[in-house]
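Heads up: the structure comes next, in structure tokens.
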2 protein chains.
Amino acid sequence: MTSRADAEHLLVVDDEATVRELLSATLRFAGFRVSSAGTAAEAISAATAEPPDLVLLDVMLPDIDGFEVVRRLREQRTGGRGGPVPVLFLTARDRQADKVTGLSLGADDYVTKPFDLEELIARIRAILRRTGGSYTGEITVGALALDTEGHQVTRDGRPVKVSPTEFRLLRYLMENAGRVVTKAQILDRVWNYDFGGDASIVDTYISYLRRKVDIGEPRLIQTVHGVGYVLREPRQ
Amino acid sequence: MTSRADAEHLLVVDDEATVRELLSATLRFAGFRVSSAGTAAEAISAATAEPPDLVLLDVMLPDIDGFEVVRRLREQRTGGRGGPVPVLFLTARDRQADKVTGLSLGADDYVTKPFDLEELIARIRAILRRTGGSYTGEITVGALALDTEGHQVTRDGRPVKVSPTEFRLLRYLMENAGRVVTKAQILDRVWNYDFGGDASIVDTYISYLRRKVDIGEPRLIQTVHGVGYVLREPRQ
DNA sequence: GCCCCGTACGTCAATCATGCTCATGGCCCG
DNA sequence: CGGGCCATGAGCATGATTGACGTACGGGGC
């Protein structure tokens, strides 16, 4: 799944190496191709070398500010698909956010640090979808459909009401349909990274999901004893 | 959705880089192609290079005043569609407004800073519509219809009286029908960008709207717990 | 033209209602 | 027997609603 040649190409720009690496690793795992840069100058040359489909940009950089970077990127129309590169801003939660808030309404979006990685990936996909990428807002497995933009789940076309956590869990399972995911992976991706509780919460939520969305035959959410869970359509 | 080659082309002229970026990002997201300029001289050369369909012009520029810019733009008949370029003036709320009002130059319009972005986009579309664009002034979702030009809302054909803020909120929800929008997004787009208050005001206005326009079945304004709100027609 | 008043609107805070999250623990299956 | 399943309920976060207050605006009287 990682780094296919046709995968979307992201450019991560942040001066903190830790953040940069965390992001790069996560995004690569999520199936993107990722470059990174620690300064504005690096960012611009990287974008010139290989035009990204999306730039993740820390607003506060050591050399010049993020807005200036955006301007320069756009001057060179470095968008991987022809148009201006969309930019997702990374910003601290303080008042800097306000400025960016205004700035970021739309193709440009923003997230405040510390951010939730699932959330981040969702935003990235939303932007790519809007700017002509190949993502559709809908994932389908068997009779189940999940609309990420509308936050709606349907089974055989009928809407099913699910809570936010249930939604995130189901989305994760559907994104990884056919692949077994461990409880640890689920905890990492679906719950906040600072979640302190017990992993058995995953059992509980799997149970909730089964009751709500997996009541018909065939069963889609399957347990792999001692390993984890997998959502798949049994072979026909 | 962004920046198709056939999208309307706007030119943003403002000497404050922040405002310029704010506008550019927002308008790009709204589907326009956008150029920008920080001075009158830049504006004129940009308009010559690629004739815009509409100019957004700050009245107070460092080099020469906005009206002079308009005169020069029109001398060169730089309108993207043949006629004189329509201009949307950006002005402070104080005395400047009167001057612009007095101008009353046909297709032109003005907004006072601080403006809310939804309002701005609506005005832009209104002008483009008048000058030959393709936008219609009406949005419909289910039994609800909203006339962006006449500032009128009807439910099953019967008019509903809504306040200005209620109108902007409903318009935003209708423009994003089927997509969940967070309270933060609503605050960003529906309230002035310098609104400092609490996000709970959104709840309040949702409540107002429901009482006024969402009293029949099926309910169109739905709450997505922990995420935001969405206006949609339930599946049939 | 000026002032006064009433209405409408926007904002905030308090209260109430909802429903979500998560720990616990008993039972069952592999 | 360990791992998984799921019912239960406490505590908490979120949302809905309403009332109160301040202000802007418009109309009418002087």
Side-chain angles (χ1 to χ4, degrees), chain A residues 116 118 151 153 160-173 180-187 189-215 219-231, chain B residues 93-94 97-98 101 112 114-116 118-119 151 153 160-170 172-173 180-187 189-215 219-231:
Chain A
D116 166 37
E118 272 297 309
H151 263 254
V153 176
V160 179
K161 203 158 133 34
V162 296
S163 81
T165 304
E166 289 160 6
F167 184 85
R168 288 196 306 271
L169 173 58
L170 180 59
R171 183 177 55 196
Y172 184 58
L173 291 175
V180 178
V181 290
T182 67
K183 289 189 195 182
Q185 286 176 314
I186 294 176
L187 257 193
R189 296 285 297 253
V190 177
W191 271 261
N192 282 329
Y193 63 88
D194 59 353
F195 176 75
D198 199 88
S200 70
I201 188 74
V202 176
D203 301 341
T204 302
Y205 270 88
I206 289 285
S207 154
Y208 291 160
L209 271 188
R210 281 189 170 136
R211 194 160 14 143
K212 287 190 176 179
V213 305
D214 204 18
I215 47 185
R219 293 298 150 99
L220 298 180
I221 303 177
Q222 301 170 20
T223 306
V224 182
H225 206 91
V227 183
Y229 298 98
V230 59
L231 187 145
Chain B
R93 173 157 234 103
D94 51 22
D98 308 329
T101 313
T112 56
F115 38 78
D116 77 84
E118 276 298 306
E119 177 70 19
H151 265 245
V153 177
V160 179
K161 199 160 134 29
V162 295
S163 81
T165 303
E166 288 161 5
F167 181 85
R168 290 195 306 266
L169 173 57
L170 181 59
Y172 184 56
L173 292 175
V180 175
V181 290
T182 67
K183 289 184 198 184
Q185 286 176 309
I186 294 175
L187 254 196
R189 299 281 299 236
V190 176
W191 270 260
N192 287 334
Y193 64 81
D194 60 353
F195 177 76
D198 201 82
S200 69
I201 187 96
V202 176
D203 299 337
T204 304
Y205 269 89
I206 289 284
S207 169
Y208 292 161
L209 267 189
R210 289 215 248 239
R211 197 165 31 182
K212 287 189 177 181
V213 304
D214 204 19
I215 47 184
R219 292 297 150 96
L220 297 180
I221 303 177
Q222 300 171 19
T223 305
V224 182
H225 203 97
V227 184
Y229 297 98
V230 58
L231 188 146

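Chain letters run A, B, ... following the sequence lines, proteins first and then strands; every chain starts at 1.
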Among [options], which is the nearest nucleotide to the side chain of [X]?
X: B/S163; options: C/dC9, C/dA23, C/dT11; value: C/dC9
X: A/R210; options: D/dG4, D/dC5, C/dG10; value: D/dC5
X: A/Y205; options: D/dC6, C/dT11, C/dT21; value: C/dT21
X: A/I201; options: C/dC9, C/dC22, C/dC20; value: C/dC22
X: A/H225; options: C/dA23, D/dG4, C/dA13; value: D/dG4
X: A/S207; options: D/dC6, C/dC9, D/dA16; value: D/dC6
X: A/P164; options: D/dG15, C/dT21, D/dC6; value: C/dT21

Whole angstrom is fine here: how far is it from [atom1] in [X] over to [atom2] in [N]?
X: A/E166; N: C/dG19; atom1: CD; atom2: C1'; answer: 11 Å
X: B/Q222; N: D/dA16; atom1: CD; atom2: P; answer: 12 Å
X: A/D198; N: C/dG25; atom1: CG; atom2: C1'; answer: 13 Å
X: A/D203; N: D/dG2; atom1: CG; atom2: P; answer: 16 Å
X: A/I186; N: C/dT21; atom1: CD1; atom2: P; answer: 15 Å
X: B/R168; N: C/dG10; atom1: CZ; atom2: C1'; answer: 10 Å
X: A/K212; N: D/dA7; atom1: NZ; atom2: P; answer: 13 Å
X: B/W191; N: C/dC12; atom1: CH2; atom2: C1'; answer: 13 Å

Within the distance-only criterion (no hydrogens, no angle test), does the side chain of [X] pair as donor or acceptor with the backbone N or O of [Y] below 3.5 angstrom?
X: B/R189; Y: B/E118; value: no
X: B/R210; Y: B/I221; value: yes
X: A/S200; Y: A/D203; value: no
X: B/D214; Y: B/R219; value: no

Does a side-chain N or O of [X] approach OP1 or OP2 of [N] to a distance below 4.0 Å, or not?
X: B/K161; N: C/dC9; answer: yes
X: A/K183; N: D/dG3; answer: no
X: B/R211; N: D/dT17; answer: no
X: B/T223; N: D/dA16; answer: yes

(message) Assuming nearest nucleotide by heavy-atom distance, tell me which of A/V227 and A/Y208 is located more 5' along DNA chain D.
(response)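 Going by which nucleotide is closer to the 5' end, it is A/V227.
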(request) Take B/I201 and B/L187, measure what side chain to side chain contact (heavy atoms under 4.5 Å, CB included) needs, and give me the verdict at the end. (result) CA-CA 9 Å; B/I201 187 96; B/L187 254 196; 4.1 Å; yes
(request) Kindly assign one of parallel, tilted or perpendicular to the pair B/W191 and B/F195, based on the angle between their ring planes and the thresholds 30° and 60°. (result)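 Taking B/F195 first and then B/W191, their aromatic rings sit tilted (interplane angle of 30° to 60°).
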(message) Based on the rotation axes of five pairs at each end, what angle does the helix from C/dG1-D/dC30 to C/dG30-D/dC1 bend through, to 10°?
(response)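 Angle reported: 30°, given to the nearest ten degrees.
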(request) Indicate, with a heavy-atom threshold strictly under 4.0 Å, whether B/S200 touches base, sugar-phosphate, or nothing. (result)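 No contact.
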(message) At 4.0 Å (heavy atoms only), tell me whether B/Y229 reaches a base, stays on the sugar-phosphate, or touches nothing.
(response)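 Sugar-phosphate contact only - B/Y229 comes under 4.0 Å of backbone atoms but never of a base.
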(message) So which atom in A/P164 and which in B/H225 form the shortest heavy-atom distance, rounded to 0.1 Å?
(response)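 Scanning both residues completely, I find the closest heavy atoms to be CG-O, 2.9 Å.
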(request) Hey, could you give me the NE2/CD distance between A/H151 and B/Q222, rounded to the nearest 0.5 Å? (result)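 CD of B/Q222 is found 13.5 Å from NE2 of A/H151.
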